[in-house]
Every structure is written in structure tokens, then in C-alpha cells.
Undergrad: 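Sharing a structure here in C-alpha cells format.
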Amino acid sequence: MKLAFHNTIDHIEKHIPKNSGIFAIIDSNVTDYFCDKKEWHFIEIQATEQKKTLHTAEAIWSELLEMKADKDCFILGIGGGVTTDIAGFVASTYKRGVRFGLIPTTLLGCSDAAIGGKNGINLEYIKNAVGTINQPVFTYISTVFFGSLTLKVFKEGIVEILKTFLIYNQSYYKSAIEFFSTYNYINHSKRQEQTLRNIVRTCAQIKFKVTAKDEKDIGQRRLLNLGHTFAHALESHFIRNKKKLLHGQAVAYGINAAAQVSCKLRLCNSNLPRRIVSDFEKIGIPCSCGVAAREVLDTMFSDKKAFKEHINLVLIKDIEQVCIKTVSAHQLKKICSAITL
Ligand SMILES: NC(=O)c1ccc[n+]([C@@H]2O[C@H](COP(=O)([O-])OP(=O)(O)OC[C@H]3O[C@@H](n4cnc5c(N)ncnc54)[C@H](O)[C@@H]3O)[C@@H](O)[C@H]2O)c1
């Protein structure tokens, strides 16, 4: 698998194996970028968490069959994380697996979701309950798509970037907070654009390196789940209640919750959650949605990372000092009675 960084979309074909039929599973909000690709076959999807389902995957498998996509075809997943997760899953299972490449079009996709080979769908309100770990041939990363994102979607990407830097690099974390607190993603200078590219590249490369060493998510890769146990439980809670919650936003709530739990377990003092909340708020990212943590506890214990009466949580002692702790259901319930997500 390779990461390909480009400033335009002119270099995609050179990464695709020659003489393969190209089938693009594409987010309906980004089709305009690809209207000159007359020789590609397009399957458009609406990218929402509610549509990240087996039903959507089945509809795509059927379209691929109808379009006579054979074992040698090449699938492209083009869009945000919802689309690249579904496309990776469809490609990994269609005809027992065909080659695929990913073209993420959101900040979150470029810096996180389209890297590392995890793909999948939600099942019965449980986030990413079914999927595979299977690497794309390439992930094509370009900031060229960001101009059409809404500010809300752009900001969820910032959250995943901050998460990665919180875990791995204190000085990148500080610089990113400084940069994003003044960055206007629509109206910015060439220099700022270059800085954004560098941040995306650095973050993507960190994720690439970590996931290459622990592809199956049994060791250090699990640290990248900082904030995700709470985030996934909240997202499931929102899907169940037919309410919208963007993944990156959920991760911000989850990171705050993880920092609060860390504090209650005396892994850090109360300055750390306060600092994280204040840093995120400088960028206009809220860290609380007002849901009592105890309301999502049941979902957490049915999460795929939970075992029996215990749960493995990614907790934080300080910036660049993140660890995994096994916490009992009893202990977590007690702690969560005083935490709001
Ligand atoms: N596989 C992984 O390792 C991994 C990691 C993190 C997140 N994820 C998954 O990623 C998903 C979230 O991804 P996301 O934040 O990219 O959101 P998304 O895919 O839901 O996209 C958000 C919105 O932006 C739109 N959009 C996408 N690109 C656009 C563009 N360039 N211009 C205008 N609109 C555009 C989409 O149509 C959608 O409405 C979640 O399902 C999450 O579980 C996966």
C-alpha cells in the first residue's frame, strides 16, 4: 500500500494498474471533480452514517455485477470516510476481493480514515460492526477537495489530526492548535495552504507508520482509538435516535471523556482535561454535547472492543503519554455517573 500526495487530481491514473476497468464508488457530493473521467464507471452513493449499511453494500455489489465488473477490475472509493469505508468493504468482498484505491475528499479522510486498511459498515446501530482489514493499492491524498467542504465537516478532520498529535507528538500538537485557531479554510494564503498540506502529510504518515507495524490492531495501533470508545457509543446512540452526529465531533466529545476518566483514575491531574477542552475550543470545536455518560454505557459494553465485565480504554496521562487500561464495568459505571459527554 502506498500514500500518494499530490496538489491536483491529475495523477490518479498513473497509480492504477494498466488495462483494468475502473469502477468508482463515489460520494454524490464530489462527482463534479470527476466529470471528465468519461471512461470510468460511476456508482454514486449518499454518504451518511445511516446509509453505511449492508443494504448499501448489497446495492453496490449488484451494480458491479450488472456493469460486468470482473475479478481484474479496479475499484476506487472517492469521498469522505463513510464512502471509503464502504468502498473498501465492497472491494474486499466482491468476487472474494478485488484491488482498490482510495481518494479521500475530506480532511478527516486524508489524515485518518483512508489510511490503515480498516473498512466496514454499521450493523443494527453499532458502528463499524462488520468489516475487514484489507489494504488499498494506494491512498491518493490531495487538499484540492477541501474548498467545497462545510466548516463543520472540515473541523471534524481537525479533531482526528489533534488526536493523532496528542498521542504521538507534543510539538506538532501545539503547532496545529496555533495554526487552526487562525486558519480560514476558504480564504487563506498560499503559505497557509502549504502549512495545511504539511500537517495533513505528517498526520497521514504517522497513521501509515503505526498501522503498518500493527495492521491487525492488536498492539500499538489501539492507541489511535483515543476517544473512540465513547465516540462510537455516542454515535450509535445518535443513530438509534435518528439524530445526526459527525464522527470527528463525536471523537472530540470522546477525547474529553477519556481525559476526564483518566483524571478520575488519577492518571493525570484535572489540568489536562481543562487544557484539552480549552485548546479545542480555541478552534471552535465543542467538547461536550450534554449526554450523560451513563446513558451510553450499555452500548459501550456491546462494542467490539469490550470483553465481558471489563473494557479496554485508551487513557491519557499527558500529551504524548497515552496508554491502554482495563477498567471493570463496575468501576466505569461509578466514574461515569459523574461525567457528561
Ligand atoms: N477506516 C478508518 O480507519 C476510519 C477512521 C476514522 C473514521 N472513519 C469513518 O469515517 C467516517 C467519517 O468520515 P468523514 O468525516 O470524512 O465524513 P463523511 O464521509 O460522512 O462526509 C461528511 C460529509 O461531507 C460530504 N463531503 C465529502 N467530501 C466532500 C467535499 N470534498 N466537498 C463537499 N462535501 C463533501 C459528504 O457527502 C458528507 O455529507 C465515519 O463513518 C467513521 O467511522 C474510518
Side-chain angles (χ1 to χ4, degrees), residues 1 9 25-34 44-53 56 77-89 91-92 100 102-123 125-136 139-161 163-164 185-186 200 203-204 206-208 210-211 214-217 221-222 224-229 231-236 238-239 244-252 254 303-304:
M1 178 315 190
I9 56 172
I25 299 168
I26 186 164
D27 180 327
S28 58
N29 281 325
V30 296
T31 50
D32 285 356
Y33 288 100
F34 298 90
E44 252 179 72
I45 63 167
Q46 279 170 2
T48 63
E49 243 5 279
Q50 281 77 5
K51 295 239 161 143
K52 193 177 156 182
T53 58
T56 301
I78 309 173
V82 165
T83 308
T84 52
D85 273 11
I86 296 176
F89 176 64
S92 305
F100 67 105
L102 299 177
I103 307 176
T105 61
T106 59
L107 179 60
L108 187 144
C110 289
S111 43
D112 189 340
I115 302 155
K118 278 190 187 174
N119 53 63
I121 52 167
N122 305 330
L123 189 69
Y125 310 120
I126 305 293
K127 279 272 304 179
N128 304 331
V130 175
T132 66
I133 297 182
N134 185 25
Q135 300 296 341
T139 294
Y140 188 99
I141 296 177
S142 177
T143 55
V144 77
F145 305 105
F146 298 169
S148 52
L149 292 173
T150 62
L151 181 58
K152 220 171 162 186
V153 171
F154 184 79
K155 277 188 177 166
E156 11 157 42
I158 300 178
V159 176
E160 291 280 17
I161 289 173
K163 175 210 74 181
T164 301
Y185 84 113
I186 298 288
V200 170
C203 186
I206 292 175
K207 175 144 190 204
F208 182 75
V210 172
T211 55
D214 177 24
E215 194 187 34
K216 297 290 178 213
D217 204 8
R221 180 175 185 167
R222 292 179 302 161
L224 285 168
N225 287 328
L226 176 65
H228 280 64
T229 305
H232 283 165
L234 254 182
E235 285 178 277
S236 301
F238 273 66
I239 298 173
K244 234 180 142 177
L245 174 64
L246 288 171
H247 176 72
Q249 188 52 66
V251 173
D303 185 289
K304 60 195 181 310

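Just so you know, ligand 1 is whichever comes first in the structure, and atom 1 is the first atom listed for that ligand. Quick note: residue numbers are just sequence positions, from 1. Heavy atoms only: backbone and side chains are in, while hydrogens, waters and symmetry mates are out.
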Undergrad: Short list, please: which atoms of ligand 1 are under 4.0 Å from a heavy atom of Val30?
TA: 28 (N), 29 (C), 30 (C), 31 (N)

Undergrad: Is there a donor-acceptor contact under 3.5 Å from the side chain of Asn122 to the main chain of Thr53?
TA: no

Undergrad: Can a non-hydrogen atom of Asp27 be found less than 4.0 Å from any atom of ligand 1?
TA: yes

Undergrad: Identify the closest protein heavy atom to atom 18 (P) of ligand 1: which residue and atom is it, and at what distance?
TA: Val82 CG2, 3.9 Å

Undergrad: Would you find a donor on one side and an acceptor on the other, under 3.5 Å apart, between the side chain of Glu156 and the backbone of His247?
TA: yes

Undergrad: Geometry only, no angles: is Thr106 polar-contacting ligand 1 at N/O separations under 3.5 Å?
TA: yes

Undergrad: For atom 44 (C) of ligand 1, what's the nearest protein heavy atom and its distance?
TA: Asp85 OD2, 3.3 Å

Undergrad: Which atom names give the shortest non-hydrogen contact between Val251 and Leu226, and what distance separates them?
TA: CG1-O, 4.2 Å

Undergrad: Would you indicate which of Gly81, Cys110, Ala47 comes nearest to atom 13 (O) of ligand 1 when only heavy atoms are counted?
TA: Gly81

Undergrad: Around atom 12 (C) of ligand 1, find the nearest protein heavy atom and jot down its residue, atom name and distance.
TA: His247 CB, 3.9 Å

Undergrad: Looking at Asn128, which atoms of ligand 1 are within less than 4.0 Å of one of its heavy atoms?
TA: 43 (O)

Undergrad: Could you tell me, atom by atom, which parts of ligand 1 come under 4.0 Å of a heavy atom of Glu156?
TA: 14 (P), 15 (O), 17 (O)

Undergrad: Who's the nearest protein heavy-atom neighbour of atom 35 (C) of ligand 1, and how far?
TA: Leu149 CD2, 3.6 Å

Undergrad: So if I count the atoms of ligand 1 from 1 in the order they appear, which ones are less than 4.0 Å from some heavy atom of Lys118?
TA: 1 (N), 3 (O)

Undergrad: Would you say Arg221 has any N or O atom under 3.5 Å from an N or O of ligand 1, going by distance alone?
TA: no

Undergrad: Could you walk me through whether Gln249 and Val159 satisfy the side chain to side chain contact (heavy atoms under 4.5 Å, CB included) test, starting with their C-alpha distance in whole Å, then the side-chain angles of each, then the deciding distance to 0.1 Å, before giving a yes or no?
TA: CA-CA 7 Å; Gln249 188 52 66; Val159 176; 5.6 Å; no

Undergrad: What protein heavy atom lies closest to atom 34 (N) of ligand 1? Include the residue and the distance to one decimal.
TA: Asn29 CB, 3.8 Å

Undergrad: With a cut-off of 4.0 Å, which atoms of ligand 1 are near a heavy atom of Lys127?
TA: 40 (C), 41 (O), 42 (C), 43 (O)

Undergrad: Identify, for atom 32 (N) of ligand 1, the protein heavy atom at the shortest distance, and state residue, atom and that distance.
TA: Ser148 OG, 2.7 Å

Undergrad: Where the side chain of Lys51 meets the backbone of Gln46, is there a donor-acceptor pair that is under 3.5 Å apart?
TA: no

Undergrad: Examine distances only and state if a side-chain atom of Gln135 and a backbone atom of Gly116 form a donor-acceptor pair shorter than 3.5 Å.
TA: yes

Undergrad: Are Lys207 and ligand 1 in contact, using a heavy-atom cut-off of under 4.0 Å?
TA: yes

Undergrad: Please verify the inter-ring angle class for Tyr33 with Phe145; under 30° counts as parallel, over 60° as perpendicular, anything in between as tilted.
TA: perpendicular

Undergrad: Suppose we measure from atom 8 (N) of ligand 1 to each protein heavy atom; which comes out shortest, and what is that distance?
TA: Ala113 CB, 3.7 Å

Undergrad: Hey, is ligand 1 close enough to His228 that some N/O pair sits below 3.5 Å?
TA: no

Undergrad: Grab the two heavy atoms, one from Val200 and one from Ile141, that are nearest each other, plus how far apart they are.
TA: CG1-CG2, 3.9 Å

Undergrad: Give the minimum heavy-atom separation between Asn134 and Asn119, together with the two atoms involved.
TA: O-ND2, 3.8 Å

Undergrad: Can you tell me which residue and heavy atom of the protein come closest to atom 28 (N) of ligand 1, and the distance to 0.1 Å?
TA: Thr105 OG1, 2.7 Å

Undergrad: Look only at the side chain of Arg221 and the backbone of Lys216, and say whether a donor-acceptor pair between them is shorter than 3.5 Å.
TA: no

Undergrad: What do you reckon, does His232 put a non-hydrogen atom under 4.0 Å from ligand 1?
TA: no

Undergrad: I'd like the name of whichever of Glu49, Gln46, Lys152 reaches closest to atom 40 (C) of ligand 1 through any heavy atom.
TA: Glu49

Undergrad: Do Leu246 and Val153 touch side chain to side chain, with heavy atoms closer than 4.5 Å?
TA: yes

Undergrad: Taking the side chain from Lys163 and the backbone from Leu224, do they hold a donor-acceptor pair closer than 3.5 Å?
TA: yes

Undergrad: Quick one: does any side-chain atom of Ser236 pair with a main-chain N or O of His232 as donor and acceptor, under 3.5 Å?
TA: yes

